[in-house]
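See structure below.
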Amino acid sequence: MALMDIRVYGDPVLETPTLAVKEVDESIRTLVADMYETMKAAPGIGLAAPQVGVSKRLCLVDLSAGAEPDQLMILINPEIIAEEGYQKEEEGCLSFPGVFGHVERPMNVTVRYTDLDGDEKEIEGDELLARALCHEIDHLDGMVFINRMSPLKRRLVLKTIRKLQRDGQWEHRPGEGSEERA
Ligand code: NI
């Protein structure tokens, strides 16, 4: 297993819609194992393939951030098939180091996906799990979370990022920060 580089905002892969996974083969299983190591090292509660530079419709969600292996959810070709309610909570993203902001999400979502055995499954989540599922599936659609923030907040965030870019400090550092990011 290998750690992968986490791409930060500015890399076009993060704003490119991904392609569906056609077959759950050995290359996908290897990718999932590497992504899991990368997510644990980050640490994060979710990681989408574009965040490691792979434009495939695949993501991980693990609310324990790697602490409990049975918490890992591997979602291949996920789609939100139902949503209900409303929440607006703070989110962070591994591709936006140090950036946090409030984002509107449904309170409850149902997601259909393929698992690592190639079987179709459904999962329902609310509160933090609903936010994590929506955040990851957004990544697979090429949508980054700052585009769901208020226009004012987004402008402030972009200004901060541009300064960090100028100073050569806009990058992911594994193991830095213990906040809930995905
Ligand atoms: Ni993210």
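All figures in this text were calculated on a predicted structure; none of them were measured in a lab. Order of appearance sets the numbers: ligands from 1, and atoms from 1 within every ligand.
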Original post:
Is any side-chain heavy atom of C93 closer than 4.5 Å to a side-chain heavy atom of H139?
Top reply: yes

Subject >> 4.5 Å side-chain heavy-atom contact, M4 and L31 >> reply: yes

Original post:
So, does T18 use its side chain to make a donor-acceptor pair with the main chain of L140 at under 3.5 Å?
Top reply: yes

**OP:** Below 2.8 Å of the Ni ion (ligand 1), tally up the protein N/O/S atoms for me.
**Re:** 4

Subject >> Main-chain N/O of M143 paired to D141 side chain as donor or acceptor, under 3.5 Å >> reply: no

Original post:
Would you call R105 and E91 a salt bridge, taking side-chain N to carboxylate O under 4.0 Å as the test?
Top reply: yes

**OP:** For the residue pair Y9 and L158, establish whether any side-chain heavy-atom pair is separated by less than 4.5 Å.
**Re:** yes

